[in-house]
**Q** 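The structure's right below; bear with me while I get my questions together.
Every chain is numbered from 1, with letters handed out A, B, ... down the list of sequences.
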Number of protein chains: 2
Amino acid sequence: MNLPTERSPRKAKGQGPERREEILAAALRLFSEFGVYAVSTRQIAQAVGISQPTLYAYFPTKDDIGAELQNRAFALLAQALALGAKGDVASRDELVAMLRIYVDFGLSHPDMYRIAFMADNAQVRSWLPQSLSPATQSTYGVLRAMITDLHARGLTVDLDPETLTQSTWSGMHGLVSLMIAKPGFPWVEREHLITSHLGLIAGSLLQN
Amino acid sequence: MNLPTERSPRKAKGQGPERREEILAAALRLFSEFGVYAVSTRQIAQAVGISQPTLYAYFPTKDDIGAELQNRAFALLAQALALGAKGDVASRDELVAMLRIYVDFGLSHPDMYRIAFMADNAQVRSWLPQSLSPATQSTYGVLRAMITDLHARGLTVDLDPETLTQSTWSGMHGLVSLMIAKPGFPWVEREHLITSHLGLIAGSLLQN
DNA sequence: TCCATAACCAATCGTTGATAAGTGATCAGT
DNA sequence: ACTGATCACTTATCAACGATTGGTTATGGA
């Protein structure tokens with residue numbers, strides 16, 4: 001029998017939606033430091049100060065915690081891009097500055113970027129064509145809108161805007177994800193590499 | 001001496017090094033179909049026809065099975081690139097053909113590529129500066145040799161070869177890794193996208 | 001006072017990667 | 001022919017994993 005029925009001290013932190021945020025914050029920190037597959041639900045629960053089953057009152061599965069973080073990362077990136085996209089892009093330097101927002105976001109939030117664009121979970125693997133999150137569409141949409149506009153003004157090379165957008169996105173993502181995934185690689189000086197890379201992308205995108 | 005081994009009435013399949021190859025073959029098939037993290041050591045063992053602990057007589061850990069497959073895959077990539085690099089690159093189309101080897105390899109072996117360049121595990125995370133796998137160095141080396149040669153012949157834009165190599169690698173990696181990580185994204189027609197993207201990379205790399 | 005609901009947890013399930021101890025076949029040395 | 005070592009492999013087991021069950025405790029409206 002369980003006699004010592006001491007009153008639960010009640011973590012005093014938060015309940016309901018607040019608890020949910022605490023879980024997400026702890027999960028993000030742990031995922032970022034150790035990787036998604038190296039972090040257990042028990043570790044997350046302990047970091048929050050609750051029992052492991054309680055996690056399942058807030059998220060159906062562990063993957064759903066990662067999915068939520070992923071969606072939020074997308075939203076933040078889309079917001080940053082949208083802020084920078086005020087007004088038309090008028091010069092090559094302004095185009096580079098826009099692309100730079102994307103790169104800087106990825107490099108200054110490598111944890112979020114990794115979850116958003118480099119995830120290796122069953123959910124991503126089982127994605128069906130139409131199931132893209134609004135945040136993903138938003139992020140991509142801002143970039144596409146800018147390039148479509150450039151294309152309409154006859155400033156780009158002769159390729160359809162959709163292809164140009166995906167190629168440009170790939171170019172930026174390649175640099176960001178490689179620098180995140182291989183921090184030990186003997187990269188040339190970071191600022192020089194970013195400037196050169198974005199310059200090459202902008203140069204190939206714009207008609208010249 | 002070493003007679004043709006008819007000595008084992010055992011499992012009739014193989015022992016020693018042969019067993020090792022059977023394990024690698026089964027693991028590659030399962031990893032490719034379901035993903036590394038969704039396949040258990042028991043499943044691999046069952047596919048080979050041995051008990052699960054027997055795996056550990058051939059590999060110290062499950063990760064080592066993946067690592068071996070990764071090294072072999074990228075030895076193949078380096079080899080494919082080296083074969084394609086016979087002789088100087090004489091035209092833009094030849095350069096695109098070289099880059100195409102890399103892209104095709106990544107898209108044909110997505111799980112190996114994921115392990116090698118998109119990994120999210122403790123091993124990669126704890127990498128210290130100089131600990132790059134020979135396969136990575138080899139793969140990168142072939143690309144750098146080609147671009148350094150182009151640079152020496154005055155065919156590239158005015159940037160140092162190391163930066164050009166890293167930028168070019170980033171461009172290819174971006175397309176491959178995004179298409180692997182987001183198979184549900186509404187990509188434009190694959191062949192068109194690859195051709196366009198590599199064309200843009202080659203165009204920005206070569207002086208024009 | 002009663003009860004619905006929210007928030008939470010101990011106990012437990014089946015499975016995971018990995019280890020320990022032991023079994024039988026095969027070998028070299030005597 | 002016997003012995004002891006070794007090889008390839010097994011069953012049994014471990015702690016930890018993600019997830020579920022069955023419940024306890026606290027709160028607030030009727």
**Q** Just by distance, with hydrogens left out, do His192(A) and Thr163(B) show a side-chain donor and acceptor under 3.5 Å apart?
**A**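 His192(A) vs Thr163(B): donor-acceptor pair found between side chains.
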**Q** Tell me the interatomic distance from Arg20(B), atom CZ, to dC9(D), atom P, rounded to whole angstroms.
**A**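 That distance rounds to 14 Å.
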**Q** Counting heavy atoms from C-beta on, name the nucleotide in dA18(C), dG18(D), dT19(C) closest to the side chain of Thr41(A).
**A**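 Of the candidates, dG18(D) comes closest.
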**Q** Assert yes or no for the condition that the ring centre distance of Phe31(B) to His109(B) is strictly below 6.0 Å.
**A**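 So the answer is no for these two rings.
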**Q** Whether the Ser170(B) and Ser167(B) side chains hold a donor-acceptor pair (N or O, under 3.5 Å, no angle test) is what I'd like checked.
**A**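 No.
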**Q** Assign each of Ser51(A) and Arg42(A) to its nearest nucleotide of DNA chain C by heavy atoms, then name whichever residue's nucleotide is nearer the 5' end.
**A**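 First, find each residue's nearest nucleotide; the 5'-ward one identifies Ser51(A).
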**Q** Less than 4.0 angstrom between a side-chain N/O of Ser40(B) and OP1 or OP2 of dT16(C), yes or no?
**A**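 Checking dT16(C) against Ser40(B), a side-chain N or O does come within under 4.0 Å of OP1 or OP2.
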**Q** Measuring from the side chain of Tyr58(B) (C-beta onward, heavy atoms only), which nucleotide among dT19(C), dA7(C), dC9(D) has the closest atom?
**A**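 Given the options dT19(C), dA7(C), dC9(D), the side chain of Tyr58(B) is closest to dC9(D).
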**Q** In whole angstrom, give the distance that lies between atom CD of Gln46(B) and atom C1' of dT15(C).
**A**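 One finds 14 Å between C1' of dT15(C) and CD of Gln46(B), rounded.
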**Q** May I ask you to verify if any side-chain N or O of Tyr56(B) is less than 4.0 angstrom from the OP1 or OP2 atom of dA20(C)?
**A**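 No, Tyr56(B) has no side-chain N/O under 4.0 Å of OP1/OP2 on dA20(C).
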**Q** Side chain of Gln52(B) only, please: which of dT19(C), dT20(D), dA7(C) is the nearest?
**A**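 That would be dT19(C).
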**Q** Just the rounded figure in Å: distance from C1' of dG17(C) to CD1 of Ile65(B).
**A**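 Result: 11 Å.
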**Q** In whole angstrom, give the distance that lies between atom CG of Leu30(A) and atom P of dC17(D).
**A**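 Rounding to the nearest Å, CG of Leu30(A) and P of dC17(D) are 12 Å apart.
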**Q** Whole angstroms only, please: what is the NZ-P distance between Lys62(A) and dA16(D)?
**A**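 Taking atom P of dA16(D) as the reference, NZ of Lys62(A) is at 16 Å.
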**Q** Within the side chain of Arg42(A), is there an N or O that forms a donor-acceptor pair under 3.5 Å with the backbone of Gln52(A)?
**A**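 Answer holds: no.
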**Q** Of all residues at least two apart in sequence or in a different chain, which pass the side chain to side chain donor-acceptor pair (under 3.5 Å) check with Arg100(B)?
**A**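 Arg100(B): side chain to side chain donor-acceptor pair (under 3.5 Å) contacts with Asp104(B), Glu191(B).
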**Q** Within less than 4.0 Å of OP1 or OP2 of dC17(D), is there a side-chain N or O belonging to Tyr37(A)?
**A**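 Checking Tyr37(A) against dC17(D): no side-chain N or O falls below 4.0 Å of OP1 or OP2.
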**Q** Starting at CG of Leu55(B) and ending at P of dA8(D), how long is that distance when rounded to a whole Å?
**A**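 These atoms are roughly 15 Å apart.
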**Q** Atom CZ of Phe34(A) and atom P of dC17(D): how far apart are they, to the nearest Å?
**A**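 Rounded to the whole Å, the gap is 13 Å.
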**Q** Can you tell me the distance, in whole Å, between the CD1 atom of Ile44(B) and the C1' atom of dT16(C)?
**A**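 Going from CD1 in Ile44(B) over to C1' in dT16(C) covers 12 Å.
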**Q** Between Thr54(B) and dC9(D), is there a contact of a side-chain N or O with OP1 or OP2 at under 4.0 Å?
**A**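 Thr54(B) to dC9(D) OP1/OP2: no side-chain N or O under 4.0 Å.
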